[in-house]
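Some notes on the structure that comes next.
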Amino acid sequence: MLRATKIIATLGPASEKPEVLREMIRAGVDVVRMNFSHGTVADHKARHDLVRSISAEVGKEVGIMADLQGPKIRVGKFSDSKILLKEGEKFILDVACELGDQGRVGLDYKELPNDVKPGDRLLLNDGLVVLRVESVKGGEIFTLVEQGGPLSNNKGINRAGGGLTAPALTEKDIADLDAAIAMGVDFLAISFPKDGADMAYARKLADAASAKYGVGKVRTIAKVERAEAIEPKALKSIIEQSDGIMVARGDLAIEVGNAAVPALQKRMIAWALEADKFTITATQMMESMINAPVPTRAEVSDVANAVLDGTDAVMLSAESAAGLYPVQTIKAMAEICVEAEKSDTVKLDTDFLDQRFTRIDQTIALGALFTAHHLHANAIAALTDSGSTPIWMSRHNIHVPIFALTSKIATQRALSTYRNVTPIGLDYTKDRDTALQEVEACLKKAGAVKKGDTVVLTSGEPMGEPGGTNTLKIVHVK
C-alpha cells in the first residue's frame, strides 16, 4: 500500500555504509538528513555523493537535508570529562574558566551572563540538570542546583521560557550553508530562529549561494525550538518566510515544558497546512529502537498521532544515525504511518466552503481533488514543472494517491517532503496523446493503476511549455 507520510532519516555511523543505506531507501526513506552539528564538510560531501549514487541505483530520487547546528549554547570542558551535581550545591558558570571542576565550568557562549538574571532557571544536559541563577557578577553566573545529575563536556544549556539573544545563524552556520549549497543539497534546516526575520536572512544567504554556484532554489526549513518562536505573531512570520517547518520537540520541550508540546505540535501543523507549507515532526519518535528491534507502544502512538495531526513527514535522529536497527526502525515507522493514514478524515467538501480561487492553476489543482474524491478515482496525476500543483493538492486529506510527473530532478527531490505526493521522473514534452500514453504506462509500472481504473490528470496546454496548469482531464485506463 502506498504511504502518504514521508520518512526522514538522519545519516551517521550506523547508516553510512552503502549496503545499509541501500536497504534504508528500499525500506521507505524519502529524505536523508545530514546533521552539521557533527562531522566535517568533507564527511557530509561524501555522504551526499553516496546518497545520490545509491538513489540512482535504486531508482528513487531521495531528498537531502543539511541541518545547520545553530547557536547551540553549551558548557565547556571538565578536567575529568564529567561531574555529578547534587541538589542544593552551589555551581558557577564562568566564561573565563578553561577546564571545569566540581565547582565551576566554562561557557562556549560568552554572552550568557548578559542574558540571565537572578531567579532564572537554566536547564542543562537536555533538562536533566536544573540550575537556578542566584546572582551575576561580570562573566560569572552563580547558581544553586535545583535538580542534580551528571554533567559532562559540551552539554547544552537552555533558559526556561527562552530569551537568549544568540543569533540563529552563527559564523559556522553561514560557512556550512555555503558548503551545503555548493554540494547540491535540496533542503536547509535553520536551527533556533526567533522570528520571520531570521528565516528571511537565511533565505537571502541561500539565494546568494545558489546564484554563486549556479544551482536551483534550496528549500528552507525553520526548526521551531525556541519559546519566542511559538508566540503567534512570531510563528506566523516564521511560517510565512519558510518553505516548511520542523516541530523540533527536543529543545522546544526544554524551554516551554514537556506538557505544552503536544498542543503546540497540533497548532504548528495546522497553521503550516493553512499556509501551504510542509511540516516535519521530530525528536525521540522511535527512541527505544536505538537499542531494541521493536518500538514501544507509546512510540507507536506518538508516530500515529503525528500522522493524524496532518504532519507531512516524521523524522528519525539517533535511531538511524547511531542505532543498532536503522532498517528495522524505518520499516516499523512506515507500517505505523500506513495504518494511521487509514483513519484520516476526508473533509474536502467543508475545506472548500467560502473559498475563492483567483489563480487558474490553483483552481485546477483543487478541482482535481474534488473530482477525484467524488468519482472515487484510483489516482491523481499532475504533470508539473515547478511542483506547485501537487503541493496545493497535498494540503488536503484525500484517500487518493497523488503522482507528480516531472522532467526535472530538482522538482522530484523538492516534493519528497510533501504528504501523499509520489514524485516520478517523466519526460512529457511531446504531443498530448503520446504524453497521455506515457502517463498511463508510468502509473501502471508504479502499480498505482490497472485496466479500467480512473485517473484524474492535470496538465498545462500546450504540452512541454513552461506555464501554469490549465487543464483537467478524466482518463479511463486502457
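For this chain, numbers begin at 1 and follow the sequence in order.
At least one side-chain heavy atom of Val185 sits less than 4.5 Å from a side-chain heavy atom of Met34. For the pair Pro326 and Met289, the minimum side-chain heavy-atom distance is 4.5 Å or more. Side-chain contact between Lys478 and Gln437 is absent, with no heavy-atom pair separated by less than 4.5 Å. Counting only heavy atoms from C-beta outward, the side chains of Gln265 and Thr281 approach each other to under 4.5 Å. Between Val247 and Ile280 there is no side-chain heavy-atom pair separated by less than 4.5 Å. Using a 4.5 Å heavy-atom cutoff, the side chains of Leu457 and Phe403 are not in contact. Between Ile25 and Lys60, some side-chain heavy-atom pair lies under the 4.5 Å cut-off. Ile269 has its side chain within reach of Leu273: a pair of non-hydrogen atoms, C-beta onward, lies under 4.5 Å apart.
Counting only distance, with no hydrogens or angles, the side chain of Asp453 and the backbone of Val449 share no donor-acceptor pair below 3.5 Å. Of the possible polar contacts, one joining the Ser15 side chain to the Ser320 backbone as a donor-acceptor pair under 3.5 Å is found. In this structure, the side chain of Asp30 engages the main chain of Ile7 through a donor-acceptor pair within 3.5 Å. Distance alone, capped at 3.5 Å, places no donor-acceptor pair between the Arg74 side chain and the Lys155 backbone. Listed for the His48 side chain is a donor-acceptor partner under 3.5 Å among the backbone atoms of Met183. At least one donor-acceptor pair closer than 3.5 Å links the side chain of Glu299 to the backbone N or O of Ser288. No donor-acceptor distance shorter than 3.5 angstrom exists from the side chain of Asp198 to the backbone of Tyr201, with no hydrogens or angles considered. Although no hydrogens or angles enter the test, the distance criterion places no donor-acceptor pair under 3.5 Å between the side chain of Glu240 and the main chain of Ile238. A donor-acceptor contact shorter than 3.5 Å links the side chain of Asn378 to the backbone of Thr454. Between the side chain of Lys6 and the main chain of Tyr418, a donor-acceptor pair closer than 3.5 Å is present.
Around the CD atom of Glu461, the shell of radius 6.0 Å holds more than 12 heavy atoms that belong to other residues, nucleotides or ligands. For Ile360, the CD1 atom is loosely surrounded, since the number of other residues' heavy atoms within 6.0 Å does not exceed 12. Within a 6.0 Å sphere centred on NZ of Lys444, other residues, nucleotides and ligands contribute more than 12 heavy atoms. Within a 6.0 Å radius of CD in Glu335, other residues, nucleotides and ligands contribute 12 heavy atoms or fewer.
Sorted by first and then second residue, the salt bridge (charged side-chain N to carboxylate O under 4.0 Å, His left out) pairs with a member in residues 45-56 read Glu16-Arg47, Lys45-Asp49, Arg52-Asp186; sequence neighbours excluded. Applying the ring-ring contact (aromatic ring centres under 6.0 Å, His included) test to pairs two or more places apart or on separate chains, those with a residue in residues 17-38 are Phe36-His44.
Atom CG of residue Asp276 and atom CH2 of residue Trp392 lie 8.0 Å apart, to the nearest 0.5 angstrom. Here CD1 of Ile181 is found 11.5 Å from CG of Asp176. Values are rounded to the nearest 0.5 Å. Taking CD from Gln362 and CD1 from Ile364, the interatomic distance works out to 11.5 Å, rounded to the nearest 0.5 Å.
Side-chain contact of Asn35 with Ser37: a donor-acceptor pair under 3.5 Å is present, judged by distance alone. Under 3.5 Å, the side chains of Thr170 and Tyr109 contain no donor-acceptor pair of N or O atoms. A donor-acceptor contact closer than 3.5 angstrom is absent between the side chains of Ser210 and Asp207. If you check the side chains of Asn470 and Asp361, you find no donor sitting under 3.5 Å from an acceptor. A side-chain donor from one of Arg33 and Thr10 sits under 3.5 Å from a side-chain acceptor of the other. Residues Ser242 and Thr220 have side chains that never bring a donor and an acceptor to within less than 3.5 angstrom of each other.
Look at Arg413 and Glu61 and you find a salt bridge, because one of the NZ, NE, NH1 or NH2 atoms lies within 4.0 Å of a carboxylate O, short of that distance. Between Glu19 and Arg22 there is no salt bridge, since no side-chain nitrogen of the basic residue lies less than 4.0 Å from a carboxylate oxygen of the acidic one. With salt bridges taken as basic N to acidic carboxylate O contacts below 4.0 Å, one links Lys223 and Asp67. Salt-bridge formation is detected for the pair Asp344/Arg419: a Lys NZ or Arg NE/NH1/NH2 atom is positioned less than 4.0 Å from an Asp or Glu carboxylate oxygen. Taking the charged nitrogens against the carboxylate oxygens, Asp243 and Lys217 do have a contact shorter than 4.0 Å, which makes a salt bridge. Residues Asp178 and Lys212 are paired through a salt bridge, judged by an N-O separation under 4.0 Å between the basic side chain and the carboxylate.
Nearest heavy-atom pair across Asp312 and Phe278 is OD1-CA, 3.3 Å. Scanning all heavy atoms of the two residues, the minimum distance from Gly323 to Ala14 falls at O-CB, 3.2 Å. Scanning both residues, Ala9 and Val29, for their nearest heavy atoms gives CB-CG2, 3.8 Å. Counting all heavy atoms, side chain and backbone alike, Asp302 lies closest to Gln284 at OD2-O, 4.3 Å. A pairwise comparison of heavy atoms in Met65 and Ala189 identifies SD-CB, 3.9 Å as the closest pair. Nearest heavy atoms, Ala272 versus Thr279: CB-CG2, 3.2 Å.
Under a cutoff of 6.0 Å and an axis angle of 45°, Arg267 and Trp271 form a cation-pi pair.
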Requested in this report: List the steps, then state whether side chain to side chain contact (heavy atoms under 4.5 Å, CB included) holds for Val455 with Val477.
Outcome: CA-CA 7 Å; Val455 177; Val477 179; 3.8 Å; yes
